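Everything below concerns the one structure shown next.
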Amino acid sequence: MLKRTVTCGELTAEDTGKKIVLNGWVNKRRDLGGLIFFDLRDRYGLTQVVCDPEKGKSLMNIAHKLSAEDVVAVRGYVRLRPDDAINNDMPTGKIEVLAEEIEILNPAATLPFLVTDRETGLEDLRLKYRYLELRTAEIQKCLAIRHHAAQSVRSFYSKNGFFEIETPMLMKSTPEGARDYLVPSRIYKGRFYALPQSPQTYKQLLMIGGFDRYFQIVKCFRDEDLRADRQPEFTQIDVEMSFIDEDDIMENTETMLCRVFQDVINVELPRPFPRMEYSDAMRRFGSDKPDIRFGVEIHTLNTFLQNCGFRVFQSVIDSGGSVAAICVPGGAGFSRKIIDELTEQIKGWGAKGLAFVKITENGLESGVSKFLNSVEKEIVQTVGGKPGDIILFVADESRVTYPALGRLRLTVAKRLDLIPKRQFKPLWVTRFPLLEYDEEEKRYVAMHHPFTSAIPEDRAKLKTDPGAVIARAYDIVINGNEIGGGSIRNHTPEMQQEMFDVLGISREEARAKFGFLLDALTFGAPPHGGIALGFDRLVMLLAGTENIRDVIAFPKTTSAASLMDGSPTPVSGDQLKELGIKIV
RNA sequence: GGAGCCGUAGUUCAACUGGUUAGAGCACCGGCCUGUCACGCCGGAAGUUGCGGGUUCGAAUCCCGUCGGCCCCGCCA
């Protein structure tokens with residue numbers, strides 16, 4: 001074959017006259033009867049090739065046959081385009097290659113969708129022919145960003161003394177947390193490995209093993225239901241350090257993220273990242289991952305509405321709940337229909353209803369405004385309202401009111417386009433509760449994971465008031481996306497045992513499931529902690545996409561299937577027999 | 001586990017209230033065209049209306065079931 005001497009993205013006017021060979025895919029052919037133009041594409045760009053009848057009949061016969069996505073080699077020379085044919089939309093638009101020989105390396109069948117226009121195929125079709133979608137400019141860009149991000153992360157940690165150490169993919173299944181993907185053992189019939197939900201225990205063991213700065217870009221697996229930003233297998237930037245505290249991890253992670261944003265998209269993140277305690281995040285934003293690119297904060301109004309005479313508010317306050325509100329700039333224009341839609345949505349989030357008042361030049365306006373007469377000024381002032389705004393109230397138990405308003409805040413902000421684009425606002429959320437009560441299981445479960453330590457002053461409360469214990473945990477949030485989270489771990493067997501106790505894990509079970517870790521903690525485990533960042537989500541932010549499948553070369557559907565190869569598939573009876581497995 | 005939206009030519013969509021031979025753009029095939037770059041013009045081929053059942057004189061359309069995709073809730077330490 002004719003092997004390329006240059007790529008399709010690099011020729012410029014300075015190369016005029018050079019004899020070259022290009023390899024690539026036919027992006028688009030334009031047959032003018034005499035002259036035939038086509039654009040040749042590879043990962044590096046697009047170059048126009050022109051075929052002139054003066055170069056011979058056989059050349060024109062081949063050029064005539066070309067169609068989209070044929071793989072070809074073109075030998076020819078570079079020449080300037082005529083002035084009136086320069087294409088300023090193309091980086092190579094000043095030149096073209098006059099073909100002298102075209103070799104069709106492999107013709108393409110009729111395509112299920114156009115590689116030049118991703119929208120010509122619905123997503124299931126694009127996933128079936130993923131290798132074609134990989135040729136699209138969008139996916140090429142996303143995977144380039146992913147590559148650069150990975151390299152930036154690696155070089156940052158490596159330069160800072162971190163070792164990249166691989167941990168097993170076949171590990172022990174553990175209780176707590178997500179459902180495991182299981183792998184049957186042939187040698188030990190009836191026993192199973194699990195694929196890691198994260199390398200959590202291994203990285204702690206690496207600390208105990210003396211590798212005091214570790215990182216890894218690593219696949220993790222969780223068998224849970226999926227979302228637009230969740231895949232069954234995903235990638236984490238996993239980090240652990242010894243002899244450190246929260247500030248060290250946060251400082252180090254900030255530096256890393258700044259480096260990556262700088263390297264990959266040339267964006268400077270504002271340092272230091274602001275920090276917010278979990279309780280404030282919930283009260284002000286109704287979320288543990290607030291999007292702080294815009295305001296519309298939640299305001300608690302109990303004190304003003306205690307005696308307002310509106311029964312709905314009154315009874316909620318009397319029973320210990322919260323009445324809170326957001327003030328939506330420009331929301332006074334909301335029609336009855338929009339407000340009804342918002343009400344429906346908020347009911348779906350567990351709230352009983354939505355009250356509203358519009359702020360006009362003449363005061364408050366709506367069905368409930370008459371109850372607010374005496375406190376009108378205070379309320380408007382508290383929520384920061386001005387004429388043209390709408391105040392949306394939710395009254396319910398606090399655990400309903402704030403999250404509902406938090407979601408409402410995001411919904412109306414999207415609707416009114418209040419969220420600044422191409423802006424990055426990182427935020428640390430700190431002082432999470434260590435535990436939350438699981439109503440179904442009737443026990444406390446770890447909010448982060450069972451290896452997270454309590455702040456020292458709360459340690460005694462583990463036995464008396466577990467729900468009030470604050471964890472040494474922190475999440476990094478960017479633009480309302482949880483990008484990562486971590487904690488300072490329990491590094492003594494006593495601390496870890498206390499945690500297992502409060503989780504209701506018996507001594508026997510703790511020994512059976514985590515005996516190796518408890519043992520390891522007895523042999524001089526250093527104080528340690530770390531963080532894990534969702535690499536796919538980070539790349540989504542860098543690439544500006546809402547869909548995790550855009551940043552993964554071979555993603556699965558929201559039902560965890562691969563449409564390209566059809567996995568998961570049944571396996572043969574022989575395979576099952578060898579594993580000692582029977583399908584029920 | 002639950003809710004919503006979607007499934008018609010290779011593909012993206014259309015087809016009124018259930019009614020003639022299921023249409024159009026792009027792609028594909030053929031013809032014409034020497035400066036195109038969304039090339040243009042003329043012509044052609046292309047359909048198990050996801051699948052199964054039901055209602056009806058008649059179903060892409062209505063009903064039931066099922067499969068698949070997307071999105072959301074639960075879930076995801």
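Proteins get letters first, then strands, A, B, ... in listed order; numbering begins at 1 in each. Being a predicted model, the structure only gives us computed values, none of them experimental.
- The residue among A:Arg30 and A:Met447 whose nearest nucleotide of RNA chain B lies closer to the 5′ end is A:Arg30.
- Straight-line distance between the P atoms of B:C75 and B:U11: roughly 39 Å, to the nearest whole Å.
- Using a 4.5 Å heavy-atom cutoff, the side chains of A:Leu40 and A:Phe38 are in contact.
- Nucleotide B:U17 forms a pair with no other nucleotide shown, judged by Watson-Crick or G-U wobble geometry with both contacts under 3.5 Å.
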Which pairs, protein N/O on one side and nucleotides 3-5 of chain B N/O on the other, fall under 3.5 Å?
none

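- Sorted by residue number, the members of residues 123-133 of chain A with any non-hydrogen atom under 4.0 Å from RNA chain B read A:Glu123, A:Asp124, A:Leu125.
- Of the nucleotides present, B:G25 is the one that pairs with B:U11 by Watson-Crick or G-U wobble criteria, both distances under 3.5 Å.
- Pair assignment for B:G65 gives B:C51, based on Watson-Crick or G-U wobble hydrogen-bonding distances that are each under 3.5 Å.
- For A:Asp291, the salt bridge (Lys or Arg N to Asp or Glu O under 4.0 Å) partners are A:Arg293, not counting sequence neighbours.
- Applying the 4.0 Å criterion to OP1 and OP2 of B:G69, one finds that A:Thr558 has every side-chain N and O outside that range.
- Note: CD1 (A:Ile36) to P (B:C32) measures 12 Å, nearest angstrom.
- With rounding to whole Å, A:Asp84 atom CG is found 13 Å from B:U34 atom C1'.
- A side-chain contact (heavy atoms from CB on, under 4.5 Å) with A:Lys55 is found for exactly one of A:Glu100, A:Met60, A:Glu101, namely A:Glu100.
- B:G4 sits 42 Å from B:G44 when the C1' atoms are compared, rounded to a whole Å.
- Residue A:Asp238 holds its CG atom at 7.0 Å from CD of A:Gln200, rounded to the nearest 0.5 Å.
- Across the protein-nucleic acid pair, A:Asp117 atom CG and B:C37 atom P stand 17 Å apart, rounded to whole Å.
- B:C62 and B:A15 have their P atoms separated by 12 Å, with the value rounded to a whole Å.
- Across the protein-nucleic acid pair, A:Leu122 atom CG and B:G50 atom P stand 14 Å apart, rounded to whole Å.
- Looking at which nucleotide of RNA chain B each of A:Thr557 and A:Arg79 is closest to, the 5′-most match is held by A:Arg79.
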I'd like a list of close polar pairs between nucleotides 27-29 of chain B and the protein, N/O only, cut-off under 3.5 Å.
none

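- For the pair A:Asp223 and A:Asp180, the minimum side-chain heavy-atom distance is 4.5 Å or more.
- Between the CG atom of A:Leu563 and the P atom of B:G7 there is a distance of 18 Å, given to the nearest Å.
- One atom, CZ of A:Arg227, and another, P of B:C76, lie 11 Å apart when rounded to the nearest Å.
- The side chain to side chain contact (heavy atoms under 4.5 Å, CB included) search around A:Glu436 returns A:Val445, A:Met447, not counting sequence neighbours.
- Spacing between B:U12 and B:C6 at atom C1', rounded to whole Å, works out to 14 Å.
- Contacts of A:Ala178 with the nucleic acid, taken as non-hydrogen atoms under 4.0 Å apart, involve only primed sugar atoms and P, OP1 or OP2.
- Proximity of A:Thr120 to the phosphate of B:U11: no side-chain N or O atom is located under 4.0 Å from OP1 or OP2.
- A:Glu277 has its side chain out of reach of A:Ile470: every pair of non-hydrogen atoms, C-beta onward, lies at least 4.5 Å apart.
- The side chain to side chain contact (heavy atoms under 4.5 Å, CB included) check on A:Lys442 picks up A:Tyr437, A:Glu439, with sequence neighbours excluded.
- Atoms CG and NZ, from A:Leu342 and A:Lys337 in turn, are 11.5 Å apart once rounded to the nearest 0.5 Å.
- A:Arg407 has its CZ atom 7 Å from the C1' atom of B:C73, to the nearest Å.
- A heavy-atom distance below 4.0 Å to RNA chain B is reached by none of the residues of residues 504-517 of chain A.
- In terms of the side-chain hydrogen bond (donor to acceptor under 3.5 Å, both in side chains) criterion, residue partners of A:Asn490 (sequence neighbours excluded) are, by chain and number, A:Gln496.
- One C1' atom belongs to B:G19, the other to B:A60, and the distance between them is 13 Å to the nearest Å.
- Here A:Lys463 pairs with A:Glu498 under the side chain to side chain contact (heavy atoms under 4.5 Å, CB included) rule; sequence neighbours left out.
- Side chain A:Asp225 to base B:C76: no donor-acceptor pair is found below 3.5 Å.
- Listed by chain and residue number, nothing satisfies the salt bridge (Lys or Arg N to Asp or Glu O under 4.0 Å) test with A:Lys347 (two or more places apart in sequence, or in another chain).
- Contact of the A:Asp475 side chain with the A:Lys289 side chain is not registered, since no non-hydrogen atoms from C-beta on lie closer than 4.5 Å.
- The shortest distance between the side-chain N/O atoms of A:Arg549 and the OP1/OP2 oxygens of B:C71 is below 4.0 Å.
- For the P atoms, the distance from B:A3 to B:U49 is 29 Å, rounded to whole Å.
- When Watson-Crick and G-U wobble pairs are counted only if both distances are under 3.5 Å, B:C41 pairs with B:G31.
- Contact annotation for A:Pro450: base contact, defined as any heavy-atom pair under 4.0 Å involving a base atom.
- For A:Lys421, the salt bridge (Lys or Arg N to Asp or Glu O under 4.0 Å) criterion is met by A:Asp417, not counting sequence neighbours.
- A distance-only check finds no donor-acceptor pair linking the side chain of A:Asn27 to the backbone of A:Asp39 [under 3.5 Å].
- Remark: the separation of the C1' atoms in B:G54 and B:U61 is 15 Å, to the nearest Å.
- Taking the C1' atom of each, B:U8 and B:A46 are spaced 14 Å apart, rounded to whole Å.
- A straight line from CG of A:Leu32 to P of B:C33 spans 11 Å, rounded to a whole angstrom.
- Looking at heavy-atom distances under 4.0 Å, A:Thr452 makes no contact with the nucleic acid at all.
- No hydrogens or angles were tested; on distance alone, a donor-acceptor pair under 3.5 Å links the side chain of A:Arg230 to the base of B:C76.
- Ring-plane geometry between A:Phe451 and A:His449 is classed as tilted, the angle between the planes lying from 30 to 60 degrees on a 0 to 90 degree scale.
- Applying the salt bridge (Lys or Arg N to Asp or Glu O under 4.0 Å) test to A:Lys556 and every residue at least two apart in sequence or in another chain returns A:Glu233.
- Residue-level contact check: A:Phe113 touches neither bases nor backbone, having no heavy atom under 4.0 Å from any strand.
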